[in-house]
Amino acid sequence: MPSPFRLYSTLSRRVESFVPRTPGEVSIYVCGMTVYDHAHVGHARAFVVFDVVVRHLRNSGWNTRYVRNYTDVDDKIIRRASRDGEDPLTLAERYIASFREDMAGLGNLPPDVEPRVTASIPEIIAMIGSLVAGGHAYEDGGSVWFSVPSFPAYGGLSGQKVDDLRSDDSGTKRHPADFALWKAHREGEPSWDSPWGPGRPGWHIECSAMADRWLGHGFDLHGGGLDLVFPHHENEIAQSECSGHHGPFARYWLHNGLLTVAGGQKMGHSLGNFVTIRDLLPQFPAEALRLYYLQSHYRSPLPWSDTAIPEALGMLARLYEAREQAESLEGTGQADAVAASLGADALTVLDLGRAFEERFRAAMDDDFNTSLALAHAFELARAINRLAANKKVARKARPVVEPALAAFRLLADTFGVCAMTPQAFQADVKARRSAAMGIDPAWVDAQLAARAEARASKEWALADQIRAELDAAGVVIMDGAAGSEWRLRLVSPT
RNA sequence: GGCGCCAUACCCAAGUGGUUAAGGGAGAGGUUUGCAAAACCUCUAUGCGGCGGUUCGAAUCCGCCUGGCGCCUCCA
């Protein structure tokens, strides 16, 4: 039996218990990218958040169907293509490929269906047809408009009243709030035949048509960025609920908060204040980005800064450190007996490890509280480190940390964080940071060898001088029993 | 002008009626170390933007004010 959960729905503006359309099943539609440029870290937040939502639902026993679309024909695509002298559909194809790489690089699992507008034209035309037939849309000069006044419930999601909207528009629309379902063909634009002549879909109709086809009317969760609430999602509701179906279009609406840059403004393509995923991923492990997103609640605004990802990487390293410590412990026996013989620190690790899954799930089942879930993980990490610092217990404590290791697996499964081996993580960090910081590992190794020689002959001044040089380059040395290791400093001293 | 959201320590951030206000980072001190790093321990908000109110009791509910953000045009 899937476990119940609560979530905040924009529609009701409160947290409510989830009731599925079909018992045991969750259908979710997330608005994807308009593919006219590379995705930036603001987009990535939405897709990581919904990836984690879907992973958690599946881990909770829900049979989950996840649909995320590509908008591959649109004004912005056409504008960009015309600027670059490229065919719009070719350009869109290129950025779909780019997006797929970014999603894979981020560790997001692919949705079950990734429909495209250009592959959904018949459904779109059919839906527009039913809207025209029902008196909710009208044709004018080869374009078709949705008639907002024909849908009295319009504004229910966003709280907007049609008469209070700002509008400078007039054109051929009957009402300023009316929006395009079908745009008549213009020279140089992609077009498809339709009962209203050649043209292409308007922006909003695609999601209605694709959700309808792949999930059916009245599906469970509709997700997207907070900036899509109006008009995009409002218009989706209007189209879908006027096209001959009964009941609401989607049962719950989830909206993720936006990334903000210094000064509090949101990150946006049009504002030019963005960092792309493909700029960042070569420099930092994907898991650092995931942790950055998951450390705050998905609905809150999330401040972006140059130190955000290095700091998240530091947090990640802390989790891996604890996991590595836990994995290094040895010993056998019955966990309770071993813990009892080892003392309070061992009992704490055992208790926290055993309690983790329940606490983690409780946090996630309460509107996907990833921040609280992570706090539980850090509490466990500290307890493990405290235990492992005692060399005497380290040889016996393995049974005590088994539940904690299971906790790390749950974290990896649900968050896609701490999913590598600690060794692979360190290697990954070293490779990406070395490249980003312009440090040659061979040079570091040579320096380290020279220092080892100096230390062997107790030439401390020389050894310290070498370490200072490495430190200045951002390389931190860790002397251990088995020799010296090095890592790269994650956050620059301020 | 309309609609909506937010305000918790130096920074990020959970908590939305009831024991000592989670967690992470930064900072200070200590343990450890040849010296460091990592790790561990201790400390860092008698207070949760301000002012009123409801209540036995409020960061948590209500009102007003101040500040900020999002949307109303493309936007994750």
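Chain letters run A, B, ... following the sequence lines, proteins first, then strands; residues in each count from 1.
- OP1 and OP2 of B/C40 both lie 4.0 Å or more from every side-chain N or O belonging to A/R382.
- Taking 3.5 Å as the limit, the base of B/G4 and the side chain of A/R14 contain no donor-acceptor pair of atoms between them.
- A salt bridge links A/R186 with A/E189: the distance from a Lys NZ or Arg NE/NH1/NH2 to an Asp or Glu carboxylate oxygen falls below 4.0 Å.
- Put simply, A/R299 has no side-chain N or O that comes within less than 4.0 Å of OP1 or OP2 on B/C5.
- A salt bridge links A/R361 and A/E357; the closest N-O separation between the charged side-chain nitrogens and carboxylate oxygens is under 4.0 Å.
- Rounded to whole angstrom, the span from the CG atom of A/D75 across to the P atom of B/U73 amounts to 15 Å.
- Note on A/S300: every side-chain N or O is 4.0 Å or more away from OP1 and OP2 of B/A7.
- At whole-Å resolution of the value, CG in A/L226 and P in B/G70 are 10 Å apart.
- Nucleotides B/U73 and B/G57 have their C1' atoms positioned 49 Å apart, rounded to a whole Å.
- In this model, the phosphate group of B/A76 is not approached by any side-chain N or O of A/K266 to a distance below 4.0 Å at OP1 or OP2.
- Applying the 3.5 Å distance criterion, the base of B/G34 shares a donor-acceptor pair with the side chain of A/R455.
- Nearest nucleotide to the side chain of A/Q295, out of B/C12, B/A22, B/C72: B/C12.
- For B/G34, its base sits under 3.5 Å from the side chain of A/D464 at one donor and acceptor pair at least.
- Picking from B/C35, B/A76, B/C71 the nucleotide with the shortest atom distance to the side chain of A/R467 gives B/C35.
- Taking only distance into account, the side chain of A/N390 never meets the base of B/C40 through a donor-acceptor pair shorter than 3.5 Å.
- Remark: B/G1 base-pairs with B/C72; criterion is Watson-Crick or G-U wobble with both hydrogen-bond distances under 3.5 Å.
- In this entry B/C64 has B/G50 as its Watson-Crick or G-U wobble partner, both defining distances falling under 3.5 Å.
- When each of B/C35, B/G24, B/A22 is scored by its nearest atom to the side-chain atoms of A/M315, the top-ranked nucleotide is B/G24.
- Proximity note for A/L372 (side chain, C-beta onward) versus B/G24, B/A22, B/A76: the nearest is B/A22.
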